Trainee: 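I have a structure I would like to understand better, so I am pasting it below and will then ask my questions one at a time.
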Amino acid sequence: MSRGGTGGRQRVRTARGRTAASTRWLERQLNDPYVRRAKAEGYRSRAAYKLLELDERFGLLKGAKRVVDLGIAPGGWTQVVRRRAPGARVVGIDLLPVDPIDEVTIFQMDFMADAAPAALMEALGGAPDLVLSDMAANTVGHAQTDALRTMALVETAHLFACDVLRPGGAFVAKVFAGGADSALVAEMKRNFATVKHAKPPASRKGSVEWFVIAQGFKGRAAASAGEAETAED
Ligand SMILES: C[S@@+](CC[C@H](N)C(=O)[O-])C[C@H]1O[C@@H](n2cnc3c(N)ncnc32)[C@H](O)[C@@H]1O
């Protein structure tokens, strides 16, 4: 009886906490110029502006013919790709369902599943010029665990990119807490001509989100040589 009573109070407190959090979220949405712009310009998410800004700075989409979008939902980044690289073949994957986007193949699937890379590549029909990853692991509220889970996604996305990109291609991934860890950056530097970190203006100042931009893929031979070296270390 007393346990039930305490649980009841706990539930009320949790529900109140949730209501306060959703009120704050709603206020932030209403005051966010990127949310208003996304609505006016027909983008599904404010995240679209992050890719637009990264593209302005790094010229990622110029001439892109094949693009993979990891963590595509709800589709803002892919809309940017479709507008900036019309005619590009785009495939995307997400745990969540995504409303269809013209001429884009979308898998509702875990990117970490063994079958995911082959499914993406079969639908793409050739080596991509660009692999994008805006994936973020669902947070569990424990900072270290959350960072590790997101880093696992970035590492897997990087391995995938090195397996499939055409030479000269590029890889962009969301990372947390100031950047990719130093071992991963070193690995990327072996595989790409340039590796930079950026925080586009559309990325909320208070968030720990950054992006790593690796351009000029050196080709699978360089990537495999790096793997062999690491195995011998
Ligand atoms: C920030 S959202 C992407 C927003 C998107 N770039 C846009 O512009 O609309 C991150 C997405 O990554 C997805 N995600 C996280 N882990 C994933 C996984 N293992 N496989 C596939 N998608 C994943 C989440 O479901 C979420 O929809």
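Just so you know, ligand 1 is whichever comes first in the structure, and atom 1 is the first atom listed for that ligand. The shown structure was predicted, so the numbers you read here are calculated from the model rather than taken from an experiment.
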Trainee: For Gln215 and Ala170, which heavy atoms make the closest approach, and how far apart are they?
Mentor: CG-CB, 3.9 Å

Trainee: Starting from atom 17 (C) of ligand 1, which protein heavy atom do you reach first, and at what distance in Å?
Mentor: Leu95 CD1, 3.6 Å

Trainee: When only distance counts, is Leu96 in polar contact with ligand 1, meaning an N/O pair under 3.5 Å?
Mentor: no

Trainee: Would you check, one step at a time, whether the test salt bridge (Lys or Arg N to Asp or Glu O under 4.0 Å) holds for Glu56 with Arg84?
Mentor: CA-CA 11 Å; Glu56 290 292 326; Arg84 293 227 158 169; 2.8 Å; yes

Trainee: Is a side-chain donor or acceptor of Lys199 paired with a backbone partner of Ser207 at a separation under 3.5 angstrom?
Mentor: yes

Trainee: Quick one: is the NZ or CZ of Arg149 closer than 6.0 Å to the six-membered ring centre of Phe176, and within 45° of its axis?
Mentor: no

Trainee: Considering only non-hydrogen protein atoms, determine which one is nearest to atom 24 (C) of ligand 1 and report residue, atom name and distance to 0.1 Å.
Mentor: Asp94 OD1, 3.5 Å

Trainee: What are the atoms of ligand 1, with element, lying closer than 4.0 Å to any heavy atom of Ser45?
Mentor: 7 (C), 8 (O), 9 (O)

Trainee: May I ask you to identify the nearest protein heavy atom to atom 15 (C) of ligand 1, giving residue, atom name and distance to one decimal place in Å?
Mentor: Ala136 O, 3.2 Å

Trainee: Are Phe160 and Phe171, when compared by the centres of their aromatic rings, separated by less than 6.0 Å?
Mentor: no

Trainee: At what distance, to the nearest 0.5 angstrom, does CZ of Phe111 lie from CE of Met135?
Mentor: 5.0 Å

Trainee: Could you tell me the residue and atom name of the protein heavy atom closest to atom 1 (C) of ligand 1, and the distance to it rounded to 0.1 Å?
Mentor: Lys174 NZ, 3.5 Å

Trainee: Distance to 0.1 Å, residue and atom name: give those for the protein heavy atom nearest to atom 20 (N) of ligand 1.
Mentor: Phe111 N, 2.9 Å

Trainee: Give the residue, atom name and distance (to 0.1 Å) of the protein heavy atom nearest atom 18 (C) of ligand 1.
Mentor: Asp110 OD1, 3.6 Å

Trainee: At less than 4.0 angstrom from any non-hydrogen atom of Leu153, what atoms of ligand 1 do you find?
Mentor: 16 (N), 19 (N)

Trainee: Around Glu103, counting heavy atoms of other residues, nucleotides and ligands shown, do more than 12 lie under 6.0 Å from its CD?
Mentor: no

Trainee: Starting from atom 4 (C) of ligand 1, what is the nearest protein heavy atom, named by residue and atom, and what distance separates them?
Mentor: Ala73 O, 3.0 Å

Trainee: Less than 3.5 Å between some nitrogen or oxygen of Ala137 and one of ligand 1, yes or no?
Mentor: no

Trainee: Quick one: does Asp94's side chain have a donor or acceptor within less than 3.5 Å of a partner on Gln108's backbone?
Mentor: no

Trainee: Do Lys174 and Asp134 meet the salt-bridge criterion of a basic N to acidic O distance under 4.0 Å?
Mentor: yes

Trainee: Under a 4.0 angstrom heavy-atom cut-off, which atoms of ligand 1 come close to Met109?
Mentor: 20 (N), 21 (C)

Trainee: Tell me whether Ala47 has any N or O atom under 3.5 angstrom from an N or O of ligand 1.
Mentor: no

Trainee: At the 4.0 Å heavy-atom cut-off, does Arg44 count as touching ligand 1?
Mentor: no

Trainee: What I want to find out is whether Asp32 reaches Arg204 closely enough, with some N-O distance under 4.0 Å, to be called a salt bridge.
Mentor: yes

Trainee: Taking a cutoff of less than 4.0 Å between a non-hydrogen atom of the residue and any ligand atom, is Ile72 in contact with ligand 1?
Mentor: yes

Trainee: Measure the distances from the heavy atoms of Lys50 to every atom of ligand 1 and state whether one is below 4.0 angstrom.
Mentor: no

Trainee: Considering only NZ, NE, NH1 and NH2 on the basic side and carboxylate oxygens on the acidic side, decide whether Arg82 and Asp102 come within less than 4.0 Å.
Mentor: no

Trainee: Does Gln79 have a non-hydrogen atom less than 4.0 Å from ligand 1?
Mentor: no

Trainee: Tell me: protein heavy atom nearest atom 6 (N) of ligand 1, and distance?
Mentor: Asp134 OD2, 2.8 Å

